[in-house]
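Quick notes on the structure that follows.
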Number of protein chains: 2
Amino acid sequence: MIKITGKSYIAGKWITPTGKSFRSVNPYTNESMMSFATCGETEIDQALTEAEHAYQTMRKLAGDAIGNFLNVLADEVEKLGDQLLEIGDSETALGIPRLIGERGRTCSQIRAFAELTIKGEWVQASIDTAIPDRVPIPKADLRRMMKAIGPVAVFGASNFPFAFGTLGGDTASAFAAGNPVIVKGHPAHPATSELFANAVDKAVKKTDMPEGIFSLLQGEGIDLGACLVKHPSIKAVGFTGSKKGGRSLMDIASARPEPITVYAEMGSINPVFVGPNTLKVQAKQIAGALSRSVCMGTGQFCTSPGILVSTENEVFETTLKQTLTDTPRGCLLNLGIAKKLQAGLKRLIDNPKVEWLNPSSFEDGSLTPPNAVFKVRAADFLVDDNLSEEVFGPVTLYVVCDDELQILEVAKCLKGNLSASIHCDEDKELAAEICAVLEQKVGRVIFNGYPTGVEVCPSQQHGGPYPASSISTATSVGTGAVVRFARFVAYQNTPNMFLPDALKNENPLGIYRLVNNELTKDQL
Amino acid sequence: MIKITGKSYIAGKWITPTGKSFRSVNPYTNESMMSFATCGETEIDQALTEAEHAYQTMRKLAGDAIGNFLNVLADEVEKLGDQLLEIGDSETALGIPRLIGERGRTCSQIRAFAELTIKGEWVQASIDTAIPDRVPIPKADLRRMMKAIGPVAVFGASNFPFAFGTLGGDTASAFAAGNPVIVKGHPAHPATSELFANAVDKAVKKTDMPEGIFSLLQGEGIDLGACLVKHPSIKAVGFTGSKKGGRSLMDIASARPEPITVYAEMGSINPVFVGPNTLKVQAKQIAGALSRSVCMGTGQFCTSPGILVSTENEVFETTLKQTLTDTPRGCLLNLGIAKKLQAGLKRLIDNPKVEWLNPSSFEDGSLTPPNAVFKVRAADFLVDDNLSEEVFGPVTLYVVCDDELQILEVAKCLKGNLSASIHCDEDKELAAEICAVLEQKVGRVIFNGYPTGVEVCPSQQHGGPYPASSISTATSVGTGAVVRFARFVAYQNTPNMFLPDALKNENPLGIYRLVNNELTKDQL
């Protein structure tokens with residue numbers, strides 16, 4: 001068992017910050033637990049001085065070394081054993097089974113990035129050889145690849161304390177690209193974060209990585225995050241959380257003397273579209289599966305299906321209402337989220353055009369919300385922007401359309417979303433039309449499925465147009481996430497000895513490279 | 001001959017804007033020429049309404065169709081013939097030989113993007129096939145590729161009226177990705193822009209492209225550009241110009257309700273580093289070649305070598321001074337640039353630590369500046385940030401270091417640059433150390449060469465850390481520029497018939513795809 005100290009971790013050393021203290025809270029019991037102190041500018045400076053040093057070492061490391069570090073890191077996370085699950089559960093109430101799954105995902109994610117760096121192809125190496133006798137001017141030899149960008153700040157999410165947390169996808173992908181990472185610890189699960197920092201500490205020592213590769217700055221309040229993003233040594237930011245929080249960091253980052261990019265993954269209502277004929281045939285099945293997706297993790301998924309768009313269908317409506325009502329209430333992460341959910345529900349309840357199909361109580365101070373389904377006519381939905389705002393929790397809105405045309409109209413009026421789902425097995429023509437609209441609005445189009453469950457693989461796209469993400473071209477899940485934390489460098493007429501391995505004539509890494517516009521593993 | 005009308009071009013129609021009028025000026029004679037009117041919100045709205053329509057057509061087009069349009073477009077630019085050269089020269093004073101070269105580059109650039117879209121591999125197609133029997137949960141089929149992002153605003157540069165102008169790399173790459181483009185015409189060469197719009201008009205009609213694919217909004221002053229960037233239909237911005245102009249657009253774009261990315265290519269001093277031993281051996285040769293690079297295009301290149309860093313060398317200094325003084329003065333683009341250059345020279349002249357080696361007059365109102373070389377000790381350079389500000393024109397600063405250590409120190413203190421050059425054939429150890437520093441500071445490291453002359457090819461990187469560019473991960477030259485104007489979309493469990501060709505089982509485009517993490521052209 002590791003003793004939780006309440007300290008922050010800066011480049012291999014455990015320190016006690018001098019800032020305001022705060023306590024973690026057990027959502028099951030509402031009891032305060034451990035005390036932690038908030039880091040400030042001193043700690044940020046220390047972490048970044050060390051990160052700068054580490055960057056100078058890391059950027060010269062072979063992909064194998066980074067990959068080895070990541071593999072050992074995944075092992076060390078697993079070695080945290082039941083303590084990680086228990087402490088994680090005591091801070092989040094997500095439940096042991098869910099956290100076992102999330103730990104598995106976190107470790108396989110870290111290992112996927114290890115594999116990526118060992119393989120080495122992610123750098124997109126490209127070579128255009130010289131043509132000395134070209135007229136009117138000779139063509140130079142040019143070679144290009146992606147290189148680490150420098151220290152990255154990571155803000156983890158409360159709802160995925162492992163997979164999007166201290167050692168989640170942002171941290172793993174920033175490491176994979178060869179960058180040091182400064183994590184701003186989420187105040188809702190500081191002990192969980194501290195455990196992860198212990199795992200990093202072991203992995204760093206076992207693999208002889210520079211200590212500045214990682215710091216965990218614990219803290220409550222907005223100052224720490226704001227100062228971190230303002231620090232000139234920070235070269236990019238990864239963030240998962242609310243639209244308000246993400247936008248605030250984006251604004252800080254773009255006002256810097258040297259603006260940097262914040263990769264923020266924010267809110268989304270993840271609409272599910274169902275063709276009228278398909279709903280007739282699959283009413284009960286879709287109602288059941290949708291309920292499970294809505295209630296998953298007590299609705300606290302960035303991909304939770306916030307609206308279902310179809311025509312009127314009584315069997316579907318009755319089944320959905322019943323299933324959601326019958327699903328046992330879950331426990332929310334913390335009081336802050338409960339308050340926001342209450343406000344979101346109130347907005348729906350107070351809207352005269354919206355009907356709560358399964359009304360139920362949700363008292364102040366309670367962390368166990370009802371699984372709620374609301375209903376609205378599409379005509380009303382289309383004229384009320386508030387109804388397409390995310391309500392974070394186990395809540396969905398049945399948007400009832402008059403016909404297929406109106407279903408398409410709803411699709412066209414959507415803002416950016418992480419995902420959208422299409423159930424149209426019996427409505428093939430509509431499917432094609434909806435798909436053509438949705439692929440302009442979302443990062444991931446799902447057929448005959450539900451948005452929760454985001455596979456970690458190269459073809460994943462977790463990121464859509466604003467406000468789903470800050471940078472719609474990027475993904476925060478899957479190995480494609482690595483390119484957020486690297487930039488291209490070109491080498492012109494550079495002697496072979498000075499070139500990085502990925503660009504050397506003899507292709508020592510044996511990777512695919514674009515040579516004179518053709519992909520090949522050949523040597524030059 | 002095409003009649004220059006002074007109109008703007010909106011989606012196939014020539015219109016007369018109602019805004020303030022302005023005149024183009026001949027830099028050779030200082031005479032006012034044609035009158036043009038400035039577009040406003042009405043014209044922006046018209047252009048974007050049509051662009052939105054065009055986008056709906058373009059996004060469904062095969063790469064072949066876009067490629068064909070681009071090839072025809074390049075032909076139409078060539079067909080503008082001598083008129084383009086003459087009008088271009090009358091508005092820029094760049095000279096016919098230079099403009100012939102630039103036209104060649106512009107057309108080959110458009111054709112390179114045509115080849116890219118026809119080949120179809122730029123979309124980075126990737127497929128992860130399903131594993132239905134995976135435990136604990138089945139793995140879905142996921143496929144991902146890049147798709148057009150939507151209407152793009154382009155702000156061309158005054159110094160490359162063809163290659164970075166109305167139909168320059170930004171416009172060509174935005175088209176290649178499948179986007180409509182709205183060009184904010186540069187007020188310094190409006191007739192040149194109008195000619196290019198004529199070429200687009202012909203290409204659009206010949207290839208049956210939607211008319212909204214292109215608009216040219218002429219205008220003077222900052223309002224038009226600001227309104228354009230604020231328009232909700234604009235999804236990204238390409239800009240080439242000053243740091244002040246680029247930053248202003250970046251700030252507007254990031255303050256939008258839906259922030260968008262401005263790809264701005266801004267200032268750079270493109271340092272040239274020469275090892276002491278190398279300078280001894282190659283003093284005259286380097287002085288001569290450096291002079292040519294400094295004077296190229298009257299120093300109005302974003303890659304003009306603004307500083308040379310080495311140790312003291314009398315032969316080099318004398319030769320450089322002499323060669324620059326002997327090189328005939330060129331003509332600047334316009335009075336605005338002359339005024340900025342005068343201010344930049346004054347900053348150097350007024351600096352007591354800086355010596356002007358070949359002092360000469362540059363009178364108010366003159367467009368023919370001296371080719372100037374200044375000299376400063378590295379110790380003074382290192383403590384004065386002003387000395388690493390770009391002076392746009394035929395000016396270079398010889399930074400004299402005490403030794404190799406100080407040369408490295410100068411490298412380490414640099415801000416972001418587009419390029420840096422290393423001449424160290426006789427200083428191999430120093431070369432390795434400088435290279436390791438410079439690749440963190442610049443987009444392109446050049447050995448034994450000079451920064452002017454930016455090859456258009458897949459391995460080019462024209463873009464470095466801020467303030468060289470707004471987004472250091474992107475390039476604005478070379479086919480890699482296309483990804484700026486596209487974003488990834490993933491398709492989950494999507495029936496083959498609904499998938500884009502690039503992701504279909506049978507691989508109808510015959511492109512390389514990452515299938516289950518291995519590059520292959522195989523069908524599924």
Side-chain angles (χ1 to χ4, degrees), chain A residues 59-60 101 126-128 136-137 139-140 142-144 147 149-150 250-251 254 258-259 261 416 431-432 435-436 439-440 442-449 453 455 457-461 463 465-467 470-473 475 480 483 486-495 498 512 514 517 519, chain B residues 59-60 101 126-128 136-137 139-140 142-144 147 149-150 250-251 254 258-259 261 416 431-432 435-436 439-440 442-449 453 455 457-461 463 465-467 470-473 475 480 483 486-495 498 512 514 517 519:
Chain A
R59 52 192 307 287
K60 289 174 206 150
S126 138
I127 298 174
D128 290 282
I137 45 164
K139 182 177 182 181
L142 270 162
R143 307 182 184 209
R144 187 174 92 135
K147 307 271 288 184
I149 199 164
M250 289 165 66
D251 290 344
S254 53
E258 179 196 358
T261 302
C435 183
E439 60 179 17
Q440 299 174 52
V442 309
R444 177 170 55 119
V445 177
I446 301 156
F447 273 76
N448 299 324
E455 188 72 33
C457 64
S459 309
Q460 185 55 270
Q461 177 60 24
Y466 190 88
S470 55
I471 303 290
S472 69
T473 51
T475 182
V483 298
R487 69 178 178 88
F488 284 105
V489 179
Y491 299 82
Q492 181 172 323
N493 287 345
T494 301
F498 296 136
Y512 266 111
L514 194 70
N517 224 1
L519 278 169
Chain B
R59 51 193 306 288
K60 289 173 206 152
S126 138
I127 298 175
D128 290 283
I137 44 164
K139 182 176 181 181
L142 270 162
R143 307 182 184 209
R144 184 173 94 134
K147 307 272 286 183
I149 202 167
M250 289 164 67
D251 291 344
S254 54
E258 178 196 0
T261 302
C435 183
E439 61 180 16
Q440 300 173 53
V442 309
R444 178 170 55 119
V445 177
I446 301 155
F447 274 75
N448 298 325
E455 187 71 34
C457 64
S459 308
Q460 185 56 271
Q461 177 62 23
Y466 190 88
S470 54
I471 304 290
S472 69
T473 51
T475 181
V483 298
R487 67 177 180 87
F488 283 106
V489 178
Y491 299 83
Q492 182 170 324
N493 287 344
T494 300
F498 296 137
Y512 267 111
L514 194 71
N517 224 2
L519 277 168

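Chain identifiers are assigned alphabetically (A, B, ...) following the order of the sequence lines, protein sequences preceding nucleic acid strands; residue numbering begins at 1 within each chain.
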Taking atom CD of Gln461(B) and atom CG of Leu142(A), what is their separation to the nearest 0.5 Å?
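If I round to the nearest 0.5 Å, the distance is 10.5 Å.
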
Euclidean distance, Gln460(A) CD relative to Asp128(B) CG, rounded to 0.5 Å
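If I round to the nearest 0.5 Å, the distance is 9.0 Å.
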
Side chain / backbone / both / neither for [X] at chain A, heavy atoms under 4.5 Å:
X         : result
Lys139(B) : both
Pro467(B) : neither
Thr494(B) : both

Report the option among [options] that has the most heavy-atom pairs separated by less than 4.5 Å from atoms of chain B.
options                                    : result
Cys457(A), Gly449(A), Gly150(A), Gly416(A) : Cys457(A)
Phe447(A), Phe498(A), Tyr466(A)            : Phe447(A)
Val483(A), Thr261(A), Asn517(A)            : Asn517(A)
Thr475(A), Val442(A), Asp251(A)            : Val442(A)

List the residues meeting side-chain hydrogen bond (donor to acceptor under 3.5 Å, both in side chains) with Asn448(B), not counting sequence neighbours, and say none if there are none.
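Asn448(B): side-chain hydrogen bond (donor to acceptor under 3.5 Å, both in side chains) contacts with Asp425(B).
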
Which one of [options] has the most heavy-atom pairs closer than 4.5 Å to chain A?
options                                    : answer
Leu514(B), Ile149(B), Leu519(B)            : Leu519(B)
Pro136(B), Ala436(B), Pro465(B), Ala140(B) : Pro465(B)
Cys435(B), Pro259(B), Gly463(B)            : Pro259(B)
Lys147(B), Lys60(B), Gln440(B)             : Gln440(B)

I would like to know whether Glu439(A) and Arg59(B) meet side-chain contact (heavy atoms from CB on, under 4.5 Å); could you show each step before the answer?
CA-CA 10 Å; Glu439(A) 60 179 17; Arg59(B) 51 193 306 288; 2.9 Å; yes

Taking ring-ring contact (aromatic ring centres under 6.0 Å, His included) as the definition, give me every residue that meets it alongside Tyr512(B), ordered by chain and number, with sequence neighbours left out.
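For Tyr512(B) the ring-ring contact (aromatic ring centres under 6.0 Å, His included) partners, ignoring immediate neighbours, are Tyr512(A).
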
